[in-house]
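What follows is a short report on a single structure.
Just so it is clear, the values below take in all heavy atoms, side chains as well, and ignore hydrogens, waters and symmetry mates.
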Amino acid sequence: MKPSNIGGQAVMEGIMMRHKDKYSIAVRRPDKEIEVKVEDYKCIFGNVKIWRKPIIRGMVSFIDSLVTGTKCLMYSAEIAGDEEDEEEAKKNANLSPEELEAKKKKEDKAFKSLLYVTVAVSIVISIAAFMLLPYALASLCRKVGASEVIVTIVEAFVKLGLFMGYMILISRMKDIQRTFMYHGAEHKCINCVENGKPLTVENVLESSRFHRRCGTSFLFLVMLVSIFLHFIFVLVPSYWLRLFGRLLMVPIVSGISFEIIQWAGRTDSKFALMMSKPGMAMQKFTTKEPTADMAEVAIKAVEAVFDWRAYLKTEFDLDIPYENEEVVSEKAESGNMEESTGKVPETGDVQ
C-alpha cells in the first residue's frame, strides 16, 4: 500500500479530510445536501523549524490535531442541525450590515474561547483518567505488600482495562455509532485510493475500514509506550515524584507514539504489520460499516483537498479521466455515432 499522506476524522454527519496545507469538512445537511468547506491548515504553534524535529513534531501534532478536530466537530454539529429558528431569522433581518458583522465577530470570538476551553478540558480529563488514575488505583496494592515493580505491572493492566472499557462503552452508544460509521467511511476512502482503485462509492464500500494511521491506533500505542516508559520510575522513592514524573512524560509518550505510527504507515515490513495489529483490532470498536450516502460524503471531502486521479496516475500508472473530460468524451462519441449513422439530432430535424 502506497501512502497518500491524506488523513482525517469523522465529525457529526460528515468527515474532515486533510492533505498538506488544506483541510475540508463535508457534512450532510438536514435537507440531505452535502455542504463542503475548505480551509487553509495553519499550525497553532506557527511554522517554526523546531516543531518539525522528531518527537517534538509528535507533541505538536497531538495538540494541533485536537484543536483542528474539535473545531471541525463543532462546525459540523452546527451544519448538521442548521435549522435556524424563525425568531433568530427575524432578528438578523432587522440588523444592519455593520451590526451583522459585529455580531459575527462576537460569535467567532465566543467560538474560539469555547474551542480552546473544550480542548484544554479534554486533555486534562484524558490525562487524569488514563495516566494518573491507573497508577493511583494500582498503588492500593502496596497495602498487601506489593513492590513498585508489581504496582507498575498492575498499573499497565488497569490502564489497558480502562481504555478498552471506554472504547467498548462508547461504541454501544447509538448517537456515537453513526459517527463511527463515518469513521469507517473515512478509512475506506483512504484505503481505496492507496490500493490503486478509483474513488467511487462501490470501490469505497468494498475497501477495508481498518487503517494503520488511525487515531485509535495512535491512542492505543500511547497506552503501550507509556506502560514501558513508566518502568523508569520504579526506582524513584517518592510517590508524588513518581506521579508527577508520569505527568511530565505525557508529551514524550505522544511524541514517540507519533513517530512509531508514522513509520508503521510508511512501510509494509512484517514488524510494522505486527506492531499495527493491536491498534487495528481496537478499530473494530471505533469504526462501523458505512452506508452508500456516507461514502459519498467521504468522497466529497477527499476530492476537495486531494487529486486522487493524479495520485493513481503517478503511483499506479492508472489514467482515470476527470468528470469534465468524461462529459466531453461522451459528447464526442455521440457526435461521431450520429455522423456515421447519418442520424440527425432531434433538435436539428428538418421541417
Side-chain angles (χ1 to χ4, degrees), residues 2-29 33-48 51-52 57-80 82 107-108 111-112 114-116 118-119 122-123 178-194 199 204 207 209 211-219 254 258 261-262 265-266 286-287 290 294-312:
K2 300 176 184 289
S4 60
N5 295 321
I6 185 171
Q9 73 170 58
V11 294
M12 292 289 291
E13 291 301 321
I15 288 170
M16 179 274 280
M17 285 287 188
R18 178 189 157 196
H19 181 63
K20 295 182 178 179
D21 59 350
K22 297 279 185 182
Y23 70 90
S24 64
I25 315 166
V27 183
R28 181 77 69 178
R29 298 176 61 91
E33 293 296 319
I34 300 174
E35 178 153 332
V36 180
K37 179 182 180 182
V38 179
E39 287 195 357
D40 293 329
Y41 167 75
K42 294 178 182 178
C43 178
I44 61 171
F45 295 99
N47 189 21
V48 184
W51 300 142
R52 296 192 291 272
R57 63 190 173 191
M59 305 176 195
V60 172
S61 179
F62 176 67
I63 302 296
D64 199 50
S65 296
L66 274 176
V67 173
T68 303
T70 305
K71 179 182 177 182
C72 293
L73 193 61
M74 292 168 69
Y75 170 79
S76 67
E78 180 183 343
I79 297 300
D82 190 14
E107 289 175 348
D108 287 345
F111 179 84
K112 285 184 178 179
L114 180 61
L115 172 65
Y116 290 121
T118 302
V119 171
S122 299
I123 292 173
R178 280 191 65 82
T179 303
F180 284 173
M181 289 170 74
Y182 275 107
H183 189 194
E186 176 229 328
H187 283 188
K188 281 173 172 281
C189 259
I190 298 173
N191 279 324
C192 177
V193 172
E194 292 185 340
L199 203 57
V204 168
S207 300
R209 76 176 201 258
H211 199 281
R212 278 182 281 169
R213 296 195 308 271
C214 174
T216 305
S217 296
F218 171 75
L219 292 175
S254 63
F258 177 85
I261 202 166
Q262 288 293 305
R266 290 192 302 264
T286 61
T287 64
M294 290 177 175
E296 186 183 359
V297 174
I299 291 172
K300 291 289 185 183
V302 171
E303 292 182 331
V305 293
F306 181 69
D307 189 344
W308 59 268
R309 291 176 177 84
Y311 171 81
L312 292 184

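Without hydrogens or angle criteria, E35 side chain to V27 main chain gives no donor-acceptor distance under 3.5 Å. Using a distance-only test at 3.5 Å, with no hydrogens or angles considered, a donor-acceptor pair links the side chain of W51 to the main chain of F45. With hydrogens and angles ignored, the 3.5 Å screen pairs no side-chain donor or acceptor of T68 with any backbone N or O of S65.
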Dump the intermediate steps for side-chain contact (heavy atoms from CB on, under 4.5 Å) on E296 and R28, then the final yes or no. CA-CA 10 Å; E296 186 183 359; R28 181 77 69 178; 3.4 Å; yes

Please lay out, stage by stage, how T70 and S122 fare under the test side-chain contact (heavy atoms from CB on, under 4.5 Å). CA-CA 10 Å; T70 305; S122 299; 5.7 Å; no

Kindly indicate, with the supporting measurements, whether the criterion side-chain contact (heavy atoms from CB on, under 4.5 Å) is fulfilled by H183 and C214. CA-CA 10 Å; H183 189 194; C214 174; 3.5 Å; yes

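Every salt bridge (charged side-chain N to carboxylate O under 4.0 Å, His left out) that R178 has, sequence neighbours left out, goes to E13. Every residue meeting the side chain to side chain donor-acceptor pair (under 3.5 Å) condition with T287, not counting sequence neighbours, appears here in chain and number order: R209. For D21, there are no side chain to side chain donor-acceptor pair (under 3.5 Å) partners, not counting sequence neighbours.
Closest heavy-atom contact between C43 and V60: SG-CG1, 3.7 Å. Considering all non-hydrogen atoms of both residues, A304 and V38 come closest at CB-CG2, 3.7 Å. Closest of all the heavy-atom pairs between P290 and M181 is CB-O, 3.3 Å. Scanning both residues, Y75 and I25, for their nearest heavy atoms gives CD2-CD1, 3.7 Å. Scanning all heavy atoms of the two residues, the minimum distance from C72 to Y23 falls at SG-CE1, 3.6 Å.
Atom CZ in R29 sits 12.0 Å away from atom CD1 in I34 (nearest 0.5 Å). With rounding to the nearest 0.5 angstrom, the OG atom of S217 is 5.0 Å from the CD1 atom of I261. Annotation: the span from C192 atom SG to L312 atom CG amounts to 8.0 Å, rounded to 0.5 Å. C189 SG to W308 CH2: the interatomic distance, rounded to the nearest 0.5 Å, is 10.5 Å. With rounding to the nearest 0.5 Å, the separation of OG1 in T179 from CD1 in I15 is 10.5 Å. Interatomic distance, Q262 CD to R57 CZ, rounded to the nearest 0.5 Å: 7.5 Å.
No close placement of the F62 and F258 rings is indicated, their centers lying 6.0 Å or farther apart.
A salt bridge links E39 with K37: the distance from a Lys NZ or Arg NE/NH1/NH2 to an Asp or Glu carboxylate oxygen falls below 4.0 Å. Ionic pairing of E194 and R213 is present here: one or more N-O contacts between side-chain nitrogen and carboxylate oxygen are shorter than 4.0 angstrom.
For T216 and T286, the side-chain atoms include at least one donor-acceptor pair closer than 3.5 Å.
Inter-residue side-chain proximity for I6 and R18 is flagged as unmet; no heavy-atom pair is nearer than 4.5 Å.
Ring geometry for H211 versus H187: interplanar angle of 30 to 60°, hence tilted.
No more than 12 heavy atoms of other residues, nucleotides or ligands sit less than 6.0 Å from atom CE of M12.
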